[in-house]
Amino acid sequence: MAKYDPLAVESKWRRRWETEQTDRVDLAGAKKPFYNLMMFPYPSAEGLHVGNLFAFVGSDIQGRYHRLLGYDVFEPMGFDAFGMHSENFALKNNRHPAEMVPKNIERFRETQLKKVGLMVDWSHQADTTSPDYYRWTQWMFVTLYKNGLAYRKTGPVNWCPGCKTVLAAEQVIDGECERCSSVVTKKEMAQWFFKTTAFAQELLDELDRLDWSERTKVAQRNWIGRSQGAEVIFEVVGGPEFSIFTTRPDTLFGATYMVFSPEHPLLDKITSPEQAPVLAAYRQSISHLTEVDRQAEDREKTGVFTGAYALNPVNDQKIPVWAADYVLMGYGTGAIMAVPAHDERDHEFALKFNLPILEVVQAPEGLDVRKAAYAGPGVLVNSGPFDGLPAKTTGQERITESLAKEGKAKWAVNYRLRDWCVSRQRYWGPPIPIIYCPKCGPVPVPEEDLPVKLPQMENYQPDGSGLSPLAREESFHKTVCPVCGTHAERETDVSDNFLCSAWYFYRYPSTQFDDRPFDPELTKKWLPVDLYVGGNEHAVLHLLYSRWLCRALHSCGYLDFAEPYKKFVAHGMIVRDGAKMSKSRGNIINPDQYINEFGADAFRMYLMFMGAYLEGGDFRDGGVKAMKAFLDRLYTAVCPPEGGTLDPQPPAEPETLFWLNSTVKAVGQDIARFSYNTAIARMMELVNHITKNKISNKDISETLARLLAPLAPHLAEELWEILGHQESIFKSAWPAFDEAACRRPEVEYVIQVNGKLRGRLNLAQGLAQAEIEPLVLASPAVSKWLEGRTIVKKIYVPDKLVNLVVR
RNA sequence: GCCCAGAUGGCGGAAUUGGUAGACGCACAGGACUUAAAAUCCUGCGAAAUUUAUUUCGUGCCGGUUCGACCCCGGCUCUGGGCACCA
């Protein structure tokens, strides 16, 4: 039994690809550019995770497939090596990231990535920690600042006590730090922000037109969280005006009290002297609560009366003003009108504090708004001139517009999306390129002075003071103002690692340029990215940030497109034996072990065969071995038989032609829709057919080698060479097929009686109903079900089925 | 609570548009080869009944539409994911 040695074959072809530069593309001269991007990994010391490989292989298959289709495919790779994941790991192991990261990168590239057989053009790498790279990350910051898209602001920010730094809203998951799972607290600090909210509407609108995985789009829509409503101006009795945001202006007549967020600055002005100590005590009592406590599901509502009253602009009614922490300072205006009859939260609060509940939208029979809030549709009641109008449509419009005429309301839209907090009080990142001058204020570092290099520091631990470790390095932060020359101080925070990764794909084609972040010509030719494959865990992190940055650079005139990725495909997640993989379970898959035993091709193929690529798969131990066994069978089937040769004539037998052509068609279609598991199954069927029938044919062998090439590139090259070709199989072309031969000349008709399968008939293709009927009625398997019955209806589906309905 | 996706043999999973449910593979069983084992090859493999070359049942649960439903509709249950005191 002929077998092949995968380790020998694979190292042979790795060397050949390297010396012949098979994987390189002529970026300037390419005629049919196809930018195939995969999410670059961060080089952890543990090595590549099987999840990384699953993602990369699925992407590489597209790259190789497109290459065979005649595209000039650019498939670059880089390392996302700045940030807390790298720094935390170095800290834990008592090492320095500057020493550790280059070693990890080397190991990733040389002993792992290259062994998997990715068609990566290694002449265009990006390493985010290299000064040649982060110089341009800093340039991004300066550019955003100069264009009014970056600003510094003091306010409550998310603070992770574990990582000792602030975090962006996107990096807080259920009140916990995305990296270390510490409970995040609020801290008042001056921080740098990017104006992500400036493009909230565009980011949302464009989603409808993007060719992206639907679940990724849904996650982004939820995160941006648009809600439409009105801003209404109320007036404190004997005090100032203030505005509230509501999505239900139709229920204004039902507002029986107002609620301010306890942090609302206006409270200090309006609270009555006798209630002031009560408010102070309340603020004290909630000050120690974290977001997790505050949002705990079963938590009872709390709040205090301020002693103040507000006037409802629709009817001048005097209603009490309360302060309660169920109203958040960060959303809308930090104050609400409470309509307990039609809002669940207000209802709960009103019951607890015995506040009035007034029905203004007619609830259906049997529902009592005193018992439970009714938020459904209905007509307005107790609403003066607006009674009888459908609340959510006309009612809403009329009430808002009548107030708008008096200047007391306007239509408004609110987004859940917050500006991106990019400051980090950590060491391992690109320093924020800003200088604070006592005379000139904040001044961006001039472009020619970039990069602001990260100094080498032996003790780089974050100290939790709210300042970055760089604040301890005087030689770093003491400087002079680039404008006036006065002694000045550098910003000592570094920027969020997600800024590094928000632009890396612009850099890849332009790595040779040290005078610009990306070359306009090459960028025009290669971007936006044609295909981006990655994990959906980045839906509202990297993918949102990079969409925003693209839009920002576009608005500043640096890019002539506003969306970075033409197509994004979210791959699934791998589990093992039905369970999530984790260190604590001890069920992590070690890819190297399988690759060293069965070869990268068998490992690649098994990863893709486990399940649907877009849904993920369940890794079973025996799978890689079984795949190697298939590749052995395929090898035997494709190679000339021992002591013989392959038939040089094209196959003529119809059944074989059917298998050959329909397999080529199906494999191409399946790869195009990321259905790798079924593509492999189709190849198995073809191999089974030729093995069973002892067919050795040159045409079939060459076709199989090329079908296999995207999935198992090393073996495909080996077979191609055995079949007599000098050049790489990737310089050949994807096999063509004959549409007519994809169907058998004879088709199997299914014969049903009353919808139940009663027989099958092999008949020539394309027969008419009238030609088939007599044959059906004559067949004994069918006629026995027709005895003594009347046929009332005949269903006929060409080349497929006949169904006789009898009584 | 709202939104999205999903539930198919012992297992992983197939099934373009409503038209043969279970492709392909794993595991298992039997056989061949072998001193033996491994590897490889061949055969079988949803369940029940059976006169075994037959019938009935069967795609999470209940109901509906249809000649015909894994697929469409209505109502549930469970699993995974996103959002969530967001006004």
Side-chain angles (χ1 to χ4, degrees), chain A residues 1 3 173-174 213-227 229 244-248 251 259 261 294-297 299 301 324-328 330-339 342-346 348-349 375 414-417 536-537 539-540 570 572-573 575 577-578 580 606 609-612 614-623 625-627 629-630 632-633 636 666 669-670 673 675 677-685 687-688 691-692 748-760 781 792-797 800-806:
Chain A
M1 202 38 46
K3 269 196 190 184
I173 314 289
D174 292 328
S213 291
E214 195 54 37
R215 56 204 171 106
T216 314
K217 298 208 270 186
V218 168
Q220 289 208 352
R221 275 191 203 106
N222 285 342
W223 186 258
I224 295 169
R226 182 184 201 270
S227 41
I244 58 105
F245 175 74
T246 177
T247 55
R248 294 293 304 276
T251 62
V259 188
S261 162
R294 213 168 141 166
Q295 294 176 14
E297 231 169 82
R299 183 166 168 252
K301 291 213 169 9
D325 68 354
Y326 81 92
V327 173
L328 310 174
Y331 186 79
T333 63
I336 62 157
M337 66 170 191
V339 185
H342 306 291
D343 181 280
E344 227 173 278
R345 296 151 300 180
D346 298 343
E348 190 192 326
F349 193 83
N414 253 292
Y415 301 94
R416 229 189 51 85
L417 183 72
N536 206 42
E537 67 274 14
V540 297
M573 289 250 292
V575 296
D577 301 315
K580 260 190 191 159
Y606 179 62
F609 187 65
M610 274 186 318
L614 305 183
E615 267 134 57
D618 190 352
F619 189 94
R620 299 291 158 119
D621 224 13
K625 190 180 174 185
M627 193 52 76
F630 166 66
D632 284 335
R633 275 189 293 138
T636 310
Q669 282 177 346
D670 286 351
R673 65 187 175 105
S675 184
N677 54 339
T678 55
I680 294 169
R682 296 296 196 150
M683 286 187 234
M684 287 172 168
E685 285 180 307
V687 170
N688 288 347
T691 304
K692 210 168 267 182
E748 189 180 56
Y749 267 85
V750 171
I751 315 300
Q752 298 180 335
V753 177
N754 283 352
K756 290 204 170 174
L757 177 71
R758 295 302 180 198
R760 302 158 203 271
V792 294
K793 198 169 179 180
K794 297 166 191 164
I795 313 287
Y796 165 72
V797 182
K800 267 197 178 144
L801 140 159
V802 173
N803 184 15
L804 303 171
V805 186
V806 300

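Quick caveat: nothing in here was measured; it's all calculated off a predicted structure. In what follows, chains carry the letters A, B, and so on, assigned in the order in which the sequence lines appear, proteins first and then strands, with residues in each chain numbered from 1.
- Not counting sequence neighbours, the partners of A/K794 by the side-chain hydrogen bond (donor to acceptor under 3.5 Å, both in side chains) test are A/E773.
- Ranking B/A14, B/A87, B/A23 by closeness to the A/S227 side chain, first place goes to B/A87.
- Here the separation of B/A27 from B/G64, taken at their C1' atoms, is 40 Å to the nearest Å.
- A/K217 comes within 4.0 angstrom of nothing in the nucleic acid, heavy atoms only.
- Among the protein residues, A/R673 comes within range of the sugar-phosphate backbone only, with heavy atoms under 4.0 Å from sugar or phosphate atoms but none that close to a base.
- With sequence neighbours excluded, no residue satisfies ring-ring contact (aromatic ring centres under 6.0 Å, His included) with A/F609.
- For A/K217, there are no side-chain hydrogen bond (donor to acceptor under 3.5 Å, both in side chains) partners two or more places apart in sequence or in a different chain.
- Put simply, A/K625 has a side-chain N or O that comes within less than 4.0 Å of OP1 or OP2 on B/A39.
- With sequence neighbours excluded, the residues that form a side chain to side chain contact (heavy atoms under 4.5 Å, CB included) with A/E748 are A/R760, A/N762.
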Query raised in the report: What does nucleotides 48-58 of chain B look like as a protein-contact string, B for base, S for sugar-phosphate only, - for none, at under 4.0 angstrom between heavy atoms?
Result: ------SSSS-

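- Taking the side-chain hydrogen bond (donor to acceptor under 3.5 Å, both in side chains) definition, one finds that A/Y415 meets it with A/Q201, sequence neighbours left out.
- No engagement by A/E344 is indicated, since no non-hydrogen atom pair under 4.0 Å with the nucleic acid exists.
- Scored by the salt bridge (Lys or Arg N to Asp or Glu O under 4.0 Å) test, A/R226 finds no partners at all (sequence neighbours excluded).
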Any protein N or O atoms within reach of nucleotides 25-34 of chain B? Criterion: under 3.5 Å, listing atom names and distances.
residue, atom, partner, partner atom, Å
B/G25, OP1, A/N688, ND2, 3.2

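- Looking at heavy-atom distances under 4.0 Å, A/A338 makes no contact with the nucleic acid at all.
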Atom pairs under 3.5 Å: protein N/O with N/O of nucleotides 64-73 of chain B:
residue, atom, partner, partner atom, Å
B/C67, OP1, A/K793, NZ, 3.3
B/C67, O2, A/N803, ND2, 2.3

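- Every residue was checked against the side-chain hydrogen bond (donor to acceptor under 3.5 Å, both in side chains) condition with A/T333, not counting sequence neighbours, and none meets it.
- One P atom belongs to B/A7, the other to B/A14, and the distance between them is 9 Å to the nearest Å.
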Report task. Both distances under 3.5 Å, Watson-Crick or G-U wobble: on that basis, could you give the dot-bracket string for RNA chain B, with [ ] for crossing pairs and | for other-strand partners? Result -> (((((((..(((......[....))).(((((.......))))).((((....))))..(((((..]....))))))))))))....

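- Residue-level contact check: A/V327 touches the bases, meaning some heavy atom is under 4.0 Å from a base atom.
- Judged as a ring-ring contact (aromatic ring centres under 6.0 Å, His included), and not counting sequence neighbours, A/Y796 has no contacts.
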